[in-house]
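Notes follow the structure.
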Amino acid sequence: FRSIKMKIAISADWHLRRDRPRVRIDENWILSQKINVKEILQICVAKKVDRLIIVGDVLDSSNQPSWIVNILEQAYEEVNNETNYSFIIDVMPGNHDLQYHQPANLDNSSISNLMRMKHITPHIVNEQFENTDLMKDHKIILVHRLIMPNANESLARLAKAEIAADVFEEYPKAKFIFTGDYHKAFVEEYEDSLLINPGCINRQSADEKNYNVGFYILDTNTSKYEF
């Protein structure tokens, strides 16, 4: 197997929302989110990525107003106009994006409007919150479930969550596994495979105070990544 060489930005858990979280002190929470999103896209341009993959929970809930849903599309158009640089944006829904956290309710959820926008490449999830659209050409699996580092196995079992080792076993043919839902960034390697969990892009709860927020950029040719 020879994949197409790409530079990919991997992100997740944006939780864009109309209401300001209690722990935030931003004077203008909506503007803060817009700036955050635009900065991510600007970094993608600066690093010359080929695609940005968002692994679920772009929105904080299934019912968000259009001016929240439109933040990503509007930011992309601004950056594209400013730089004349284009890249693919892949979006798959996570549990928070969907009404009652059910993939079957996609059409009743605000995320469906975002996934129909001009610059968005949509990826539908199944009941296991996984997507294999990129598997054939790139050996990439997208998964939005609670997956923790192997070092956190005891905690994961208590929380009825998975660890990276479980996921490598479940998807033995995947070269790259990109995950979302767990808000702390981490990377695990197993043989020739790589699992990247980018964590969240901003802090919205007290227990995230010391989180290192951001996203990863991966070169699929060398398997080298940066945060």
Side-chain angles (χ1 to χ4, degrees), residues 6-17 21 23-24 32-33 35-44 46-47 49-60 72 87 89-97 123 125 129-131 134 138 140-159 161-168 170-171 174-190 193-220 222-227:
M6 289 190 299
K7 185 176 283 189
I8 303 175
I10 307 110
S11 187
D13 296 290
W14 289 18
H15 290 276
L16 300 178
R17 55 197 285 184
V23 299
R24 302 290 305 199
S32 293
Q33 293 178 99
I35 291 172
N36 196 187
V37 169
K38 188 170 182 179
E39 286 177 344
I40 290 171
L41 302 183
Q42 288 171 328
I43 293 171
C44 288
K47 296 291 185 177
V49 305
D50 299 297
R51 65 198 314 155
L52 164 64
I53 300 178
I54 308 174
V55 196
D57 285 357
V58 182
L59 306 177
D60 188 59
L72 174 56
F87 54 92
I89 301 179
D90 300 278
V91 172
M92 67 172 275
N95 55 320
H96 279 266
D97 291 309
H123 299 282
V125 294
F129 279 88
E130 65 185 15
N131 179 277
L134 301 174
H138 308 293
I140 294 173
I141 292 283
L142 308 180
V143 184
H144 189 92
R145 299 197 299 263
L146 188 58
I147 299 164
M148 297 183 180
N150 291 331
N152 291 8
E153 181 173 9
S154 296
L155 177 61
R157 301 313 180 203
L158 287 173
E162 299 167 89
I163 58 172
D166 300 325
V167 182
F168 285 125
E170 184 175 358
Y171 307 109
K175 172 71 174 176
F176 303 108
I177 304 170
F178 302 151
T179 63
D181 197 35
Y182 184 60
H183 286 196
K184 274 191 174 181
F186 72 91
V187 176
E188 295 274 8
E189 299 181 30
Y190 177 71
S193 298
L194 199 64
L195 184 150
I196 296 180
N197 183 86
C200 54
I201 65 166
N202 57 49
R203 302 172 185 87
Q204 296 193 23
S205 64
D207 64 349
E208 296 173 351
K209 179 180 178 181
N210 297 316
Y211 279 21
N212 187 18
V213 298
F215 62 102
Y216 285 97
I217 295 177
L218 168 73
D219 185 328
T220 63
T222 63
S223 292
K224 292 182 177 180
Y225 55 87
E226 59 180 308
F227 186 77

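Across all non-hydrogen atoms, the minimal contact from A161 to M148 is CB-CE, 4.3 Å. Here the closest heavy-atom approach between residue P198 and residue T179 is recorded as CD-O, 3.0 Å. The two residues L142 and V55 come nearest to each other via the heavy atoms CB-CG1, 4.4 Å. The two residues V167 and E162 have their closest heavy-atom pair at CG2-OE1, 4.1 Å. In terms of heavy-atom proximity, I10 sits nearest to L218 at CD1-CB, 3.7 Å. The two residues N131 and L134 come nearest to each other via the heavy atoms OD1-N, 4.5 Å.
In this structure, the side chain to side chain contact (heavy atoms under 4.5 Å, CB included) partners of R24, at least two apart in sequence or on a different chain, are R20, P21, D26, W29, N202, R203. Contacts of K7 classified as side chain to side chain donor-acceptor pair (under 3.5 Å), with partners at least two apart in sequence or in another chain: none. Not counting sequence neighbours, E208 has no partner by the salt bridge (charged side-chain N to carboxylate O under 4.0 Å, His left out) test. Residues forming a ring pair (Phe, Tyr, Trp, His ring centres under 6.0 Å) with H15 (at least two apart in sequence, or on another chain): H96, H183. By the side chain to side chain donor-acceptor pair (under 3.5 Å) test, E189 pairs with no residue at all, sequence neighbours left out. With sequence neighbours left out, the side chain to side chain contact (heavy atoms under 4.5 Å, CB included) criterion links A174 to M135, I141, Y171, I177. Here R51 pairs with D90 under the side chain to side chain donor-acceptor pair (under 3.5 Å) rule; sequence neighbours left out. In this structure F227 satisfies the ring pair (Phe, Tyr, Trp, His ring centres under 6.0 Å) test together with Y216, sequence neighbours excluded. I43 meets the side chain to side chain contact (heavy atoms under 4.5 Å, CB included) test with K47, F215, I217; sequence neighbours excluded. A search for side chain to side chain contact (heavy atoms under 4.5 Å, CB included) contacts involving T222 returns D219, K224, not counting sequence neighbours. Considering only residues two or more places apart in sequence or on other chains, D207 meets the side chain to side chain donor-acceptor pair (under 3.5 Å) condition with S205. The salt bridge (charged side-chain N to carboxylate O under 4.0 Å, His left out) test applied to E170 returns R145, not counting sequence neighbours.
Looking only at distances, no side-chain donor or acceptor of E188 sits under 3.5 Å from a matching main-chain atom of P149. Proximity of a side-chain donor or acceptor of N150 to a complementary backbone N or O of A165 within less than 3.5 Å is detected.
A heavy-atom distance below 4.5 Å is found between the side chains of V187 and I196. Contact annotation: the side chain of L194 never approaches that of K175 to less than 4.5 Å [non-hydrogen atoms, C-beta and beyond]. The side-chain heavy atoms of F129 and D181, taken from C-beta on, include no pair separated by under 4.5 Å. Within the 4.5 Å cutoff, side-chain heavy atoms of I89 are placed close to those of I54.
The environment of Y211 atom OH is dense: over 12 non-hydrogen atoms of other residues, nucleotides or ligands sit within 6.0 angstrom. Other residues, nucleotides and ligands contribute only 12 or fewer heavy atoms inside 6.0 Å of the NZ atom of K184.
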